[in-house]
Every structure is written in C-alpha cells, then in structure tokens.
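Okay, so here's the structure we're looking at.
Every chain is numbered from 1 and lettered A, B, ... according to where its sequence line falls, protein lines coming before strand lines.
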Amino acid sequence: MSKGMKVLPRSFYERDTSEVARALLGKILVHRGHGGITNGKIVETEAYYGEGDPASRASRGKTKMNEIMWGPGGRAFVYVVHGNCLFNVTAEREGVPGAVLVRALEPLEGIELMQKRRGTKLEKELTSGPGKLTKAMAITRAHHGLDLTNSHSELVIVEGEPQDFVIGSSHRIGVSADLERKLRFYMDGNPFVSR
DNA sequence: CATATGATGGACT
DNA sequence: GTCCATCATATGG
C-alpha cells in the first residue's frame, strides 16, 4: 500500500446508509493478511436499513448474527449465504441499524493471489460478485466485528484516487422483498460490476 | 432433531 | 435462460 492512503474515519460511516453506500464507490478495500496484500476499488454496493426494510437482515429485530448492525459505523459485518461469505460495512450511529453490502470490486493489487484463491485466471471473474470478492480477498467470518477505521486492522477501507464517474442505481439483487426502492449503487460502465 | 431458506456461484441446455 | 451444491441460521416439533 502506498503511503498517504488515508483510512476512512468513523464519521464517514455514521450517516444515512444510502449516502454511505454511494460514497463507498471508488474507495479501496485493502486486506493485509499472511498470504500477502490484496486490494480493489469498490464499484458496486447495496444499502440495507432496519425495521421498515423488509429485505434487510435487521427487519425482524436483533439476533446474534445481525446485532452488529445496531453498533457504531465502520465495522465489518460478515455472514454466510448459500455457502458464501458476504462482506458488509456497518453504517449509521450506534443504536440505529444499517449496513452496506459490498457487491463488487475492481482488482488493483495482489491479482496473482486472487487468481490462486479463486481458481481462475480470468480477471473479470475474480471480484465481480459479493461471494467472489470475499474469496479473492480471503475475507471470512473471522473478520466479523473488525473495526475498519483502525489503520492497524487486517482489513481497512482507504481513500481512492480522485476519479470522475456516474453512479447508476437499481433495485437490490437477489432479494424477493422490496424491489421498489433503488438501493443498489454502481459505477456506471465499470466492467467489474456484477451482471 | 428436522427442515426450510437465502443479500450466491458455477455448471449446464 | 435453467438447475443445484452449499452451509449457517431460523424456526418448528
């Protein structure tokens, strides 16, 4: 990781979940593990709220697995669906549930390592989906609860290079409830956006 | 304990 | 496009 890369502060995350989801586009997710460094630019996200959001894990109250959504912003929220780990970042202030699902990255560093972890050489297939990117970045449930605003964390999100892009939006993918609200956000035209 | 259900991915027609 | 392997949770008996 080059110097001067600023880890996003708590204040970045402690605001409206959709704002956080949009603001995360273009930021860099960095994993510094034993195998080496991998990182990628966030190009697709989805916002999930609490009660009143039928598609959200938090819509029916706290459980052991989702209670982190009520905690402070800027923490890793990782859980398994269909055998795949999904990586979210908590949003909103403590006491207000919210999380942003990171659905796709554009690989930047550690591409060989990602290829090895994913079992494919095809760059477009490395991180173009929520389950794909966790495998490429070696994100597991062990990272659940990690503070992403601590620069010493194994997993952090840092400021990216300034870049102009258009934000596209659509209904959220893979949910059956609430196909009305456009809470999925992506960099329009980026080839690593899923589907 | 049994079974249903996904914020999915990969293989296949 | 369709089908299904996958596995942690949630829920019901």
Side-chain angles (χ1 to χ4, degrees), chain A residues 13 16-25 27 29 38 40 42-71 73-92 96-107 114-146 148 155 157 167-187 190-195:
Chain A
Y13 300 100
D16 174 76
T17 306
S18 290
E19 282 183 43
V20 176
R22 296 165 66 95
L24 278 172
L25 296 175
K27 304 297 190 275
L29 178 62
T38 48
I42 297 172
V43 299
E44 180 181 350
T45 58
E46 282 176 358
Y48 288 88
Y49 290 93
E51 291 170 29
D53 182 354
S56 174
R57 285 282 181 276
S59 65
R60 286 193 291 273
K62 284 186 194 176
T63 66
K64 175 104 181 170
M65 160 275 192
N66 70 13
E67 65 185 353
I68 196 168
M69 289 182 72
W70 278 261
R75 290 189 181 167
F77 170 30
V78 182
Y79 77 101
V80 179
V81 175
H82 286 100
N84 304 287
C85 285
L86 269 58
F87 172 72
N88 304 247
V89 193
T90 59
E92 310 276 357
V96 180
V100 175
L101 170 68
V102 177
R103 285 193 57 89
L105 304 174
E106 176 179 331
M114 293 186 192
Q115 288 170 330
K116 190 176 171 186
R117 287 170 177 159
R118 289 275 295 119
T120 178
K121 292 272 184 198
L122 299 173
E123 234 177 278
K124 270 205 198 74
E125 286 302 314
L126 296 179
T127 54
S128 56
K132 298 178 188 177
L133 72 89
T134 54
K135 198 164 182 188
M137 301 277 293
I139 298 171
T140 69
R141 286 181 307 151
H143 297 102
H144 182 72
L146 195 66
L148 302 170
L155 204 55
I157 302 178
I167 299 180
S169 67
S170 78
H171 67 83
R172 292 169 290 184
I173 304 292
V175 303
S176 50
D178 194 355
L179 296 174
E180 304 298 310
R181 284 186 289 177
K182 294 185 171 181
L183 294 177
R184 169 176 175 252
F185 305 100
Y186 54 92
M187 271 195 195
N190 187 289
F192 297 93
V193 172
S194 70
R195 4 208 106 181

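- Shown here are the side-chain contact (heavy atoms from CB on, under 4.5 Å) partners of A/Leu179, two or more places apart in sequence or in another chain: A/His171, A/Val175.
- Side chain of A/Ser169 to main chain of A/Phe185: no donor-acceptor pair is present (N/O by atom type, distance under 3.5 Å, no hydrogens or angles).
- Partners of A/Glu125 according to the salt bridge (charged side-chain N to carboxylate O under 4.0 Å, His left out) rule, which considers only residues two or more places apart in sequence or in another chain, are A/Lys132.
- Applying the salt bridge (charged side-chain N to carboxylate O under 4.0 Å, His left out) rule to A/Arg141 yields no partners; only residues at least two apart in sequence or on another chain are considered.
- Sorted by first and then second residue, the salt bridge (charged side-chain N to carboxylate O under 4.0 Å, His left out) pairs involving residues 83-92 of chain A (not counting sequence neighbours) form an empty list.
- Contacts of A/Arg117 classified as salt bridge (charged side-chain N to carboxylate O under 4.0 Å, His left out), with partners at least two apart in sequence or in another chain: none.
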Any N/O pairs under 3.5 Å between the protein and nucleotides 8-11 of chain C? List them or say none.
residue : atom : partner : partner atom : Å
C/dA10  : OP1  : A/Thr63 : OG1          : 2.9

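- In this structure A/Glu67 satisfies the side-chain contact (heavy atoms from CB on, under 4.5 Å) test together with A/Lys62, sequence neighbours excluded.
- Residues that satisfy the salt bridge (charged side-chain N to carboxylate O under 4.0 Å, His left out) test with A/Lys27, not counting sequence neighbours, are A/Glu159.
- Side-chain contact between A/Arg172 and A/Asp53 is present, with at least one heavy-atom pair separated by less than 4.5 Å.
- Taking a pair as Watson-Crick or G-U wobble with both distances under 3.5 Å, DNA chain B forms stems of 3 or more consecutive pairs at B:1-6 with C:7-12, B:8-12 with C:1-5.
- Looking at A/Arg184 and A/Ser170, their side chains do bring a donor and an acceptor atom within 3.5 Å of each other.
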Atom pairs, protein N/O to nucleotides 8-13 of chain B N/O, distance under 3.5 Å:
residue : atom : partner  : partner atom : Å
B/dT8   : OP1  : A/Arg103 : NH1          : 3.3
B/dT8   : O3'  : A/Gly131 : N            : 3.4
B/dT8   : O2   : A/Asn84  : ND2          : 3.3
B/dG9   : OP1  : A/Pro130 : N            : 3.1
B/dG9   : OP1  : A/Gly131 : N            : 2.6
B/dG9   : OP1  : A/Lys132 : N            : 3.0
B/dG10  : OP1  : A/Arg118 : NH1          : 2.6
B/dG10  : OP1  : A/Arg118 : NH2          : 3.2

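- Heavy-atom distances under 4.0 Å link DNA chain B to A/Ala55 of residues 49-56 of chain A, given in residue order.
- The stretch residues 118-143 of chain A participates, sequence neighbours left out, in these ring-ring contact (aromatic ring centres under 6.0 Å, His included) pairs: A/His31-A/His143.
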